[in-house]
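Labels below follow one simple rule: chain letters A, B, ... track the order of the sequence lines, proteins then strands, and each chain is numbered from 1.
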Amino acid sequence: MPDENQQPPQAPQPNPERKTLDDRAKMTELERIRHSCAHVMATAILRLWPDAQFAYGPPVENGFYYDMELKHRIAPEDFEKIEAEMKKEIKANNVFERIVVTREQAIAQAQSGRLGGLTDRPGNASKFKLDLLQQIPEGEPISYYKNGDFIDLCAGPHVMRTGNIGAFKLTSVAAAYYKGDEKGPQLQRIYGTAFKNKTALDEYFKMLEEAKRRDHRKIGAEMGLFAIDTEFVGPGMPLWLPKGTVLVEELEKLAKETEFAAGYVRVRTPHLAREKMYKTSGHLPYYAESMFPPIELDLLRGKPDEIAKREALGEEVAFLRSQVLSAAADLVVGDNPLIGDVDLVGNDDEEFQLQKMQTLWEDGTLMAGAGIVGEFVAKQQNWELMQPELYYLKAMNCPHHHRIFAAEPHSYRDLPLRLAEYGTCYRYEQSGELFGLMRVRSMNMNDAHIYCTEDQFADEFRAVNEMYLKYFKIFGLEKYQMRFSTSAPEGLGKKYVNEPELWKKTEDMVRRVLIESGINFVEVANEAAFYGPKIDVQVWSAIGREFTIATNQVDFAVPARFGLQYKDRDNTMKTPLCIHRAPLGTHERFIGFLIEHYAGNFPLWLAPDQVRVITIGAEDDPASAPLIAYAKGIAAELRGQMVRVSTDFSNSPIKGKIQDAEQLRVHTMLVIGGRDMDAGAVSVRLHGKGPQGAKAKGEVVAEILAAIRERRA
RNA sequence: GCCAAUGUAGCUCAGUGGUAGAGCAACGGUUUCGUAAACCGUAGGUCGUCGGUUCAAUCCCGACCAUUGGCUCCA
């Protein structure tokens, strides 16, 4: 809801995401069309609702949007009206005229409401434009773009005339925060798309239709792969049905074979760990909100007397605490020369004061009030020991693996140590973020942690990348990109562990390996994990949609927090580096991706229904008995070789049985009639590819087994 | 978590202020059929949940839950 009283922040921070003029000049023809279309949409909206205030209106991957504040709530029913006005503006073929102004002129016109408007709008200043003006660095030219009556603060570039916008359509309306700031005003955002011509626009919508057809939620339900039982299990926690479990286990098999060959060893860990685990790892308190709330294990449960004692002690501790705090205040007021420490002055952080008092007491500096502090420290410790224990569901596997490393002494000879596990993790994703299998709260990660020395790092990291490429090949992924996320100096000590040299060293190492092994990557600053640089792996499905499926991180910080060490050649203890890697990401997201990628038509090795034996003749017909026996023999032979085979000996007409199997997406159908039986043959039909003709039984069986073993596409 | 839309049978969807309908799937039967549907029948629903208005609510109103599209987030 636009709030009239809510003003944009008065002293905006420079926006690091802000595009420079150079960046803007690189806009493609299509981006110019879309950016221009955003202006045309604003023009149309102003004709309908002249009080609208506009914020940002950029081109985006599949179109454009414009954010605005407007009392009227735009609904999809309004699109037709807006589009009609847009068509008029395009038909008028107005020139996009660039006007360079001074900062003073721009501020004056923003104050009069002229910017992002069709006319002056007294009393309705262009408040977002005023804010945007403040972000333009001194010395950078300030420009307007004008089409017809509409004038917008804009660095461009645009197409020549409104008529150059070939074809467009408004697509959706959504809410968006001003500058993406959750605390900022919430604006209405209208999305649209535009193309050079109608043909390209139609193609785009066709692609969307295709994506809808391949939607993993739709196909997952059709094929009986998974269910999300929000009522009994909970939102975001998929149940794998038998056929989906086939996919899960085939992927695990692939990963286990691949990792075994690459020298990994497997481990298993519980789903829970004590609070200390995540305090040590550093995940608490920073990521507490992404974790499920802890399970409280009260050792005094069922002992009311003990609980009463604990409560009494709690009150006593609270009282002593206030005594210590007032002693701290006295110290400062009294300016005790013995202390010689003025840290306490002006610092009203109670925890800090308590800590300081405790330190002074411990080193014997404290004279007055020492008794109280001592009592407080002792009783507080006692009280803390009586508190319930907290156990957290794990949101990541690394801490458990670190403890496995710590469970045994290690020497440099043990390294690299590669611990792999399909570990189940739980993350409390916000309700609005859940999305089918793609964003869930319970997930199975293809996880492993590689502990290695600095010298080994490059080889290990390279091997991990090669594993990614191997998987891409199996799944026929032709387009991929690795996003190399690095730190930013201003985040050190806040968002990132404060180890500037280690950051630089590891980032350099990662960059070098990426370049040396010819990996397709882009580098993005300020998106690393808190413990080290990160590589997100993006892949594109068969229909060209992008998915971030895997992640790969370098960790030079957390092993040290856990005190992990190995004894080096020189007999000194050293801390290993750790590479977190999950090439197949989570089962949930990866299978969601595969469903779309294959449109549910999985290759034979993955297909939940690999083979179905279909007879021309029914089991309940005595005349067909020899045929059924022949068919059962084939099914049994395949089943004996671990092939997932089903049979259909029902009395339905053959066309019906074929259709059932096709709709189920059974990969290979073996259609068997009297002719086949007499020839010792089977007729093969492949899903989506039709009949392949009859072949000798032995040949067909061998072919099926080979295709599965080789994981043929 | 925020904004909006949606929620009727396993699936796709109709429908009405007077206690619900179709097609497909399922089940039963007839048919004995050579590669995407032969025919007949049966069963299936507290109309997301809770509350309010009303003589009467699946329908009107409110809250909640869930899903979807976005935003924010994604160690």
Given atom CD of A:Glu527 and atom P of B:rC73, what is their separation to the nearest angstrom?
10 Å
With a 4.0 Å cut-off, would you call A:Arg483 and A:Glu523 a salt bridge?
no
Using a cut-off of strictly less than 4.0 Å, decide whether A:Arg189 has a side-chain nitrogen or oxygen near OP1 or OP2 of B:rG69.
no
Looking at A:Tyr428, I'd like to know whether one of its side-chain N or O atoms comes within less than 4.0 Å of OP1 or OP2 on B:rC73.
no
Please give the nucleotide sitting opposite B:rC60 as a Watson-Crick or G-U wobble pair, both distances under 3.5 Å, or none.
B:rG52
Spacing between A:Glu429 atom CD and B:rC71 atom P, to the nearest angstrom:
16 Å
For B:rG69, does OP1 or OP2 lie under 4.0 Å from any side-chain N or O of A:Arg217?
yes
Rounded to whole Å, how long is the line connecting atom CD of A:Glu433 with atom P of B:rA66?
14 Å
Out of B:rU35, B:rA75, B:rA66, which nucleotide sits closest to the side chain of A:Ile654?
B:rU35
Rounding to the closest angstrom, what is the interatomic distance between B:rC61 and B:rA57 at atom P?
16 Å
Could you state the atom-to-atom distance from CZ of A:Phe530 to P of B:rA75 in whole Å?
11 Å
Take atom C1' in B:rG10 and the same atom in B:rC27, then report the distance between them in whole Å.
13 Å
Go through it in stages, so that I can follow the logic: the residues are A:His580 and A:Tyr531, the test is ring pair (Phe, Tyr, Trp, His ring centres under 6.0 Å), and I'd like the CA-CA distance, side-chain angles, deciding distance and then a yes or no.
CA-CA 11 Å; A:His580 305 233; A:Tyr531 46 66; 4.8 Å; yes
Rounding to the closest angstrom, what is the interatomic distance between B:rC55 and B:rG15 at atom P?
29 Å
Which residue lies more 5' along RNA chain B, comparing A:Val671 with A:Arg427 via nearest heavy atoms:
A:Val671
Across the strands shown, which category fits A:Gly690 at heavy-atom distances under 4.0 angstrom: base, sugar-phosphate, nothing?
nothing
Once you apply a heavy-atom cut-off of 4.0 Å, does A:Ile614 come out as touching a base, just sugar-phosphate, or nothing?
nothing
Identify whether any heavy atom of A:Thr548 sits under 4.0 Å from a base atom; if not, whether one sits that close to sugar-phosphate; answer base, sugar-phosphate or nothing.
nothing
Answer for the Watson-Crick or wobble partner of B:rU6, both distances under 3.5 Å, is B:rA66
Quick one: is the NZ or CZ of A:Arg189 closer than 6.0 Å to the six-membered ring centre of A:Tyr65, and within 45° of its axis?
yes
I'd like to know if A:Glu209 and A:Lys206 make a salt bridge, using a cut-off of under 4.0 Å between side-chain N and carboxylate O.
no
Nearest-Å distance for atom pair CD/P, residues A:Glu231 and B:rU67
13 Å
Taking the C1' atom in each of B:rA43 and B:rA22, what is the distance between them to the nearest angstrom?
16 Å
If the P atom of B:rA37 is compared with that of B:rA26, how far apart are they to the nearest Å?
15 Å
With distance as the sole criterion, is a donor-acceptor pair present between the side chains of A:Arg561 and A:Thr280 under 3.5 Å?
no
Salt bridge A:Arg665-A:Glu222, side-chain N to carboxylate O under 4.0 Å
yes
A:Ala221 near the nucleic acid: base, sugar-phosphate alone, or nothing, with a heavy-atom cut-off under 4.0 Å?
nothing
Does A:Arg441 make a cation-pi contact with A:Tyr426 (under 6.0 Å, within 45 degrees of the axis)?
no
For B:rC73, the Watson-Crick or wobble counterpart (both distances under 3.5 Å)
none
What nucleotide among B:rC33, B:rC71, B:rA36 has an atom nearest to a side-chain atom of A:Tyr191?
B:rC71
Between B:rA36, B:rA75, B:rU67, spot the one nearest the side chain of A:Gln663, thanks.
B:rA36
Given that both distances must come in under 3.5 Å, which nucleotide forms a Watson-Crick or G-U wobble pair with B:rU42?
B:rA26
Do side-chain atoms of A:Lys697 reach the backbone of A:Ile634 as a donor and acceptor pair under 3.5 angstrom?
no
Taking CD from A:Gln430 and C1' from B:rG70, how many angstroms apart are they, rounded to a whole number?
14 Å
With hydrogens left out and only the distance checked, is there a donor-acceptor pair under 3.5 Å joining A:Ser683's side chain and the base of B:rU35?
yes
What's A:Ala618 touching, base or sugar-phosphate or nothing? Going by heavy atoms closer than 4.0 Å.
base
Using a 4.0 Å heavy-atom cut-off, does A:Gly436 contact any base of the nucleic acid, only the sugar-phosphate backbone, or nothing at all?
sugar-phosphate
Whom does B:rC47 pair with, Watson-Crick or G-U wobble, provided both distances fall under 3.5 Å?
none
Interatomic distance where CZ belongs to A:Phe232 and P belongs to B:rA66 [whole Å]
15 Å
Can you tell me the base-pairing partner of B:rC33? Count Watson-Crick or G-U wobble geometry only, both distances below 3.5 Å, and say none if there is no partner.
none
Describe the nucleic acid contact of A:Asp536 in one word from base, sugar-phosphate, nothing, applying a heavy-atom distance below 4.0 Å.
nothing
By nearest-nucleotide position on RNA chain B, the 5'-leaning member of A:Val684 and A:Arg589 is A:Val684
Whole angstroms only, please: what is the CZ-P distance between A:Phe435 and B:rC71?
13 Å
When we call it a touch if two heavy atoms are under 4.0 Å apart, what does A:Asp676 touch: a base, just sugar-phosphate, or nothing?
base
Euclidean distance for P, B:rC65 against B:rG28 (whole angstrom)
42 Å
Within the pair A:Lys655 and B:rC33, is there a side-chain N or O less than 4.0 Å away from OP1 or OP2?
no
Against the side chain of A:Met396, the closest entry in B:rU35, B:rA66, B:rA75 is B:rA75
Can you tell me if A:Ser431 touches the phosphate of B:rG1, counting only side-chain N or O atoms and a distance under 4.0 Å to OP1 or OP2?
yes
Would you indicate what A:Thr230 reaches in the nucleic acid, counting non-hydrogen atoms under 4.0 angstrom: base, sugar-phosphate, or nothing?
sugar-phosphate
How would you label the contact of A:Ser652 with the nucleic acid (heavy atoms, under 4.0 Å): base, sugar-phosphate, or nothing?
base
Regarding A:Tyr65, tell me which of base, sugar-phosphate or nothing describes its non-hydrogen contacts under 4.0 Å with the strands shown.
nothing
Where do A:His587 and A:Tyr422 land on the ring pair (Phe, Tyr, Trp, His ring centres under 6.0 Å) test, with the steps shown first?
CA-CA 9 Å; A:His587 281 321; A:Tyr422 253 108; 4.2 Å; yes
Take atom C1' in B:rG44 and the same atom in B:rA20, then report the distance between them in whole Å.
13 Å
State which of B:rA75, B:rC73, B:rG34 makes the closest approach to the side chain of A:Ile616.
B:rG34
When you compare B:rC24 with B:rC39, how far apart are their P atoms, in angstrom units rounded to a whole number?
10 Å
